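This one's a predicted model, so the numbers in the text were calculated from it and none came from an experiment.
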Amino acid sequence: AANVVLGNQRNLKNFEVVLRVLHPSIENIWNWKKSLHWSFPKSDRETLNWLWHTLRKPSSADIMPRELWLHVFSYIGRGWWISCRDTS
């Protein structure tokens, strides 16, 4: 079990290095940003896409402007909606 944890920590560190090389101007790569959407776990991407399209439907009232929704999404951390299935 300890080897799995160490392996996951190394993978996360390698992932962080890659993201920082690809996006050097982004200080916090762990919270959502439009340019990092591709790098989030599938469950996060699907949930954010669902939220975005539900909130932006022509039939729904504009609760907040687009820019404000993107700002709200920026507080969502990587893996917030990850399921047990995604981690196995």
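- Remark: Trp30 CH2 is packed, more than 12 non-hydrogen atoms of other residues, nucleotides or ligands lying under 6.0 Å away.
- Here the straight-line distance linking atom CD1 of Ile26 with atom CZ of Arg20 works out to 9.5 Å at 0.5 Å rounding.
- With rounding to the nearest 0.5 Å, the separation of NZ in Lys34 from CG in Leu70 is 6.5 Å.
- There is no path of hydrophobic side-chain contacts, each under 4.5 Å, that joins Phe15 to Val21.
- With values rounded to the nearest 0.5 angstrom, Phe40 atom CZ is found 6.5 Å from Asn31 atom CG.
- Here the CG-CH2 distance, from Leu48 to Trp81, works out to 5.0 Å after rounding to the nearest 0.5 Å.
- In this structure, CG on Asp44 lies 11.5 Å from CH2 on Trp32, to the nearest 0.5 angstrom.
- Once rounded to the nearest 0.5 Å, the distance linking CZ of Arg10 with NZ of Lys13 reads 13.5 Å.
- Looking only at side-chain heavy atoms (C-beta outward), Phe73 and His37 stay at 4.5 Å or farther from each other.
- Considering all non-hydrogen atoms of both residues, Val72 and Met64 come closest at CG2-CE, 3.9 Å.
- In this structure, Tyr75 is not a member of the same hydrophobic cluster as Trp52, with clusters built from ILVMFWY side-chain heavy atoms closer than 4.5 Å.
- Scanning all heavy atoms of the two residues, the minimum distance from Leu19 to Ser39 falls at CD2-CB, 3.8 Å.
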